[in-house]
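Bear in mind that the values here come from a model prediction, so they are computed numbers and not experimental data. Positions are given from 1 along the sequence.
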Amino acid sequence: NGAKSMQFGDAIRVYDKLLTNLEKALAASPWFADEDYTLADVNITPYVNRLAMLKLERMWTNRPNVAAAVRFIFGCNGGGARVAWFEALQ
């Protein structure tokens with residue numbers, strides 16, 4: 001049910017904590033788990049994609065490190081690593 005779900009508020013709090021932790025991790029490294037784009041980065045894609053589908057991109061607008069990683073993953077700014085998983089959803 002998306003935003004109408006009774007669990008929506010709890011889910012948003014979990015997402016907020018996730019994005020806070022990712023912002024901290026990305027302050028120390030260009031990617032979520034390592035110096036290179038890894039499976040950890042691929043695995044976060046469905047979560048940020050869900051937020052984008054719910055029009056909740058504002059959750060990372062004040063998190064510049066997450067925002068930069070999301071732009072790269074989704075292929076914005078001239079290419080990037082637009083993963084096949086995301087392309088399959090289009």
Side-chain angles (χ1 to χ4, degrees):
N1 293 349
K4 295 179 182 179
S5 170
M6 292 180 65
Q7 293 86 20
F8 185 75
D10 292 336
I12 292 300
R13 284 186 283 283
V14 170
Y15 273 111
D16 188 61
K17 184 175 181 178
L18 169 70
L19 294 175
T20 296
N21 291 336
L22 290 174
E23 182 67 20
K24 290 177 187 175
L26 290 168
S29 175
W31 292 108
F32 300 130
D34 199 357
E35 294 295 316
D36 296 314
Y37 185 78
T38 68
L39 192 54
D41 305 290
V42 172
N43 285 332
I44 202 67
T45 301
Y47 297 98
V48 294
N49 183 64
R50 182 65 178 146
L51 290 173
M53 290 173 68
L54 291 169
K55 307 286 189 234
L56 293 172
E57 295 95 341
R58 66 182 175 270
M59 290 191 72
W60 60 75
T61 56
N62 291 327
R63 294 174 168 108
N65 297 315
V66 172
V70 169
R71 281 192 306 274
F72 186 83
I73 289 168
F74 288 168
C76 300
N77 293 342
R82 188 175 183 104
V83 295
W85 178 91
F86 184 74
E87 288 178 338
L89 295 176
Q90 301 301 316

Distance-only donor-acceptor pairs under 3.5 Å for side chains of residues 54-63, two or more places apart:
{"from": "Arg58", "atom 1": "NH1", "to": "Lys55", "atom 2": "O", "distance (Å)": "3.4"}
{"from": "Thr61", "atom 1": "OG1", "to": "Arg58", "atom 2": "O", "distance (Å)": "3.0"}
{"from": "Arg63", "atom 1": "NH1", "to": "Met59", "atom 2": "O", "distance (Å)": "2.4"}
{"from": "Arg63", "atom 1": "NH2", "to": "Asp16", "atom 2": "O", "distance (Å)": "3.4"}
{"from": "Arg63", "atom 1": "NH2", "to": "Asp16", "atom 2": "OD1", "distance (Å)": "2.7"}
{"from": "Arg63", "atom 1": "NH2", "to": "Thr20", "atom 2": "OG1", "distance (Å)": "2.9"}

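Remark: Leu19 CG to Asn65 CG distance equals 12.0 Å, nearest 0.5 Å.
You'll find the side chain of Thr38 stays beyond 4.5 Å of the side chain of Trp31, heavy atoms only. In this structure the side chain of Leu18 reaches within 4.5 angstrom of the side chain of Ile44, judged on heavy atoms.
Between Tyr47 and Tyr15, the shortest heavy-atom contact is O-CE2, 3.4 Å.
For Glu35, there are no side-chain hydrogen bond (donor to acceptor under 3.5 Å, both in side chains) partners, not counting sequence neighbours.
Residue Val48 is not grouped with residue Val14 when hydrophobic side chains (ILVMFWY) are merged at heavy-atom distances under 4.5 angstrom, including chains of intermediate members.
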